[in-house]
2 protein chains.
Amino acid sequence: MAKETKNTLRDSVYSALKAMIVTGQIPPGSRVTENDIAVRLNVSRTPVREAFNRLERDGLVTGRPRQGYVVTEFDINMFREAFEIRELLDGHATELAAAAATEKDKARLRAMLAECERLATIPDRTTREKFQELEVGIDLHRVIAQISGNAMLHGMLCGILDKCQHYVWTELLWLDEWKIARDEHAEIVDAICAGDASRAGTLARAHVRGSRDNVLRLLQAKSDYQNFLARAS
Amino acid sequence: MAKETKNTLRDSVYSALKAMIVTGQIPPGSRVTENDIAVRLNVSRTPVREAFNRLERDGLVTGRPRQGYVVTEFDINMFREAFEIRELLDGHATELAAAAATEKDKARLRAMLAECERLATIPDRTTREKFQELEVGIDLHRVIAQISGNAMLHGMLCGILDKCQHYVWTELLWLDEWKIARDEHAEIVDAICAGDASRAGTLARAHVRGSRDNVLRLLQAKSDYQNFLARAS
DNA sequence: ACACTCAAAATTGTATACAAAATAGCATGC
DNA sequence: GCATGCTATTTTGTATACAATTTTGAGTGT
């Protein structure tokens with residue numbers, strides 16, 4: 001994941017807070033106060049405030065005047081919305097990337113695929129390694145968007161991926177294998193390397209829909225389970 | 001334009017600053033200091049800082065540590081990028097809206113069309129009235145995105161529209177008539193009212209491309225003219 | 001036991017003071 | 001005359017003090 005911490009405290013706090021939220025250390029729905037974070041990171045409230053402001057703009061927290069901040073809870077509906085947009089953006093970015101990719105870009109994409117494959121085939125791998133595989137898999141999409149050459153598209157796609165990242169992670173880590181996703185990634189990269197924009201775009205859109213369905217199925221199962229528990233009590 | 005000023009100073013400052021930038025009162029490329037704005041709006045630097053932070057996140061200003069803020073200059077390339085994304089989002093939003101619009105929504109869209117028509121046919125109208133026509137025309141797209149039911153899509157589209165608004169305005173205000181845009185808007189609304197999602201989407205995408213070409217032509221002409229001046233001197 | 005009031009605690013909103021860094025302008029040396 | 005280095009100014013970065021508001025909880029009256 002691209003660490004872009006400038007030298008200012010505000011940016012450090014922003015990165016730190018974002019990481020805590022995205023990785024679920026601060027769970028969705030929990031209330032966070034400026035003071036908590038300020039004390040925890042040993043800085044004053046000012047940089048924390050600014051970090052919160054930016055996170056609110058990112059949609060990762062929501063804050064109401066004089067009532068503090070709450071880590072945004074992502075319900076199934078928001079997830080659907082996000083992936084609907086992601087299908088559009090990712091599909092288009094992949095089309096553009098297929099037309100724009102240089103040899104260096106293609107090598108980079110292939111290297112990421114190889115890294116995924118390596119991480120996937122480690123015997124008795126740890127959670128950390130599964131986590132890394134997911135991370136590289138998501139990063140692949142970021143890099144494709146970057147290759148597309150449309151900086152604004154890249155920025156917006158990164159924003160959406162950040163928002164969904166925690167959910168994708170917490171849900172998908174339950175599975176042991178993502179062979180389908182790996183194969184799909186490989187196909188997309190192939191199409192990009194072949195310069196087949198139309199095919200790359202189609203594959204990318206299908207891939208996003210597939211990921212969405214995967215996570216939705218798990219979210220639904222969890223929801224059903226909780227309903228079952230509630231009814232049983 | 002939707003005024004969403006909460007009761008906090010920060011939000012007022014944000015709205016005020018955004019309005020000043022979007023309308024070009026603070027021209028692109030100009031440097032703005034926190035103190036200027038603080039004095040101008042008679043508040044302390046704190047809320048101004050936070051407003052700047054949010055504007056930076058919106059992409060309306062760019063700030064580098066200890067060097068202040070600069071109103072983002074939108075070059076032709078960024079404009080192309082923005083409209084490329086807008087075509088995707090607006091097209092999709094319009095498709096969704098055609099499927100989701102209630103009778104009340106349809107009435108609202110038709111009322112906006114009528115308002116455009118009224119403003120366009122005022123004899124000897126002032127710049128203010130031309131300005132209003134453009135504003136309602138852009139708002140139409142915001143409302144369509146809202147009707148789509150995808151809140152995230154709506155938010156992202158509004159962000160892009162804000163970023164482009166100043167450029168669209170300053171360029172298009174040179175023209176006296178936008179009959180083509182008005183006709184296209186009417187067709188789109190018709191398709192939405194008829195529930196024809198596919199046609200509505202296609203029309204919307206074509207409309208965005210048309211608007212883009214209009215503005216690009218003017219931007220290009222201006223650029224050519226400045227090159228001509230530079231070479232003549 | 002329940003509801004209502006009021007006060008205290010917690011928390012953000014705003015202002016301001018001070019520190020750190022960058023820029024600009026001036027003076028000095030070559 | 002030009003470059004270089006230093007200082008003075010400007011401007012943001014951070015901390016902190018205080019104000020405003022919301023929440024919480026205890027205490028009292030019915």
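Each chain gets a letter, A, B and so on, in the order its sequence line appears, and its residues count up from 1. Computed over heavy atoms, backbone and side chain alike; hydrogens, waters and symmetry mates excluded.
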Peer 1: Figure out the CZ/C1' separation between A:R10 and D:dT14, and round it to whole Å.
Peer 2: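 These atoms are roughly 11 Å apart.
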Peer 1: Look at the side chain of B:R31 and decide which nucleotide, out of C:dT11, D:dT11, C:dA22, has an atom nearest to it.
Peer 2: D:dT11
Peer 1: Under a 4.0 Å N-O cut-off, is there an ion pair linking B:D90 with B:R209?
Peer 2: no
Peer 1: Which pair of non-hydrogen atoms, one from B:I192 and one from B:A101, has the smallest distance, and what is that distance?
Peer 2: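 That closest heavy-atom pairing would be CG2-CB, 3.9 Å.
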Peer 1: Would you name the heavy atoms of B:V136 and B:M112 that are closest together and state the gap between them?
Peer 2: CG1-O, 3.7 Å
Peer 1: Under 4.0 Å between a side-chain N/O of A:R66 and OP1 or OP2 of D:dT23, yes or no?
Peer 2: no
Peer 1: Just how far, in rounded Å, is C1' of C:dT12 from CG of B:D11?
Peer 2: 13 Å
Peer 1: OP1 or OP2 of D:dT23 versus the side-chain N and O atoms of A:Q67: is any pair under 4.0 Å?
Peer 2: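 For D:dT23, OP1 or OP2 has a side-chain N or O of A:Q67 closer than 4.0 Å.
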Peer 1: Expressed in angstrom and rounded to an integer, what is the separation of B:R54 atom CZ from C:dG13 atom P?
Peer 2: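 About 11 Å, once rounded to whole Å.
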Peer 1: Whether A:D162 and A:R142 form a salt bridge (side-chain N of Lys/Arg under 4.0 Å from carboxylate O of Asp/Glu) is what I want to check.
Peer 2: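 Salt bridge present between A:R142 and A:D162.
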Peer 1: Report the distance from atom CD of A:E34 to atom C1' of D:dT14, rounded to the nearest whole Å.
Peer 2: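 Distance check: A:E34 CD to D:dT14 C1' gives 14 Å.
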Peer 1: A:L9 has an atom CG; how far is it from atom P of D:dT16, in whole Å?
Peer 2: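 For the pair A:L9 CG and D:dT16 P, the rounded distance is 12 Å.
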Peer 1: Please work out which of the three classes, parallel, tilted or perpendicular, describes the rings of A:H141 and A:H185, given edges at 30° and 60°.
Peer 2: perpendicular
Peer 1: Among residues 41-52 of chain B, which ones have heavy-atom contacts with DNA chain C below 4.0 Å?
Peer 2: B:V43, B:S44, B:R45, B:T46, B:P47
Peer 1: Figure out the CG/C1' separation between A:N53 and D:dT14, and round it to whole Å.
Peer 2: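 Roughly 16 Å, once rounded to whole Å.
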Peer 1: Looking at B:Y14, does the NZ or CZ of B:R54 lie under 6.0 angstrom from its six-membered ring centre and within 45 degrees of the ring axis?
Peer 2: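 Ring-cation test returns yes.
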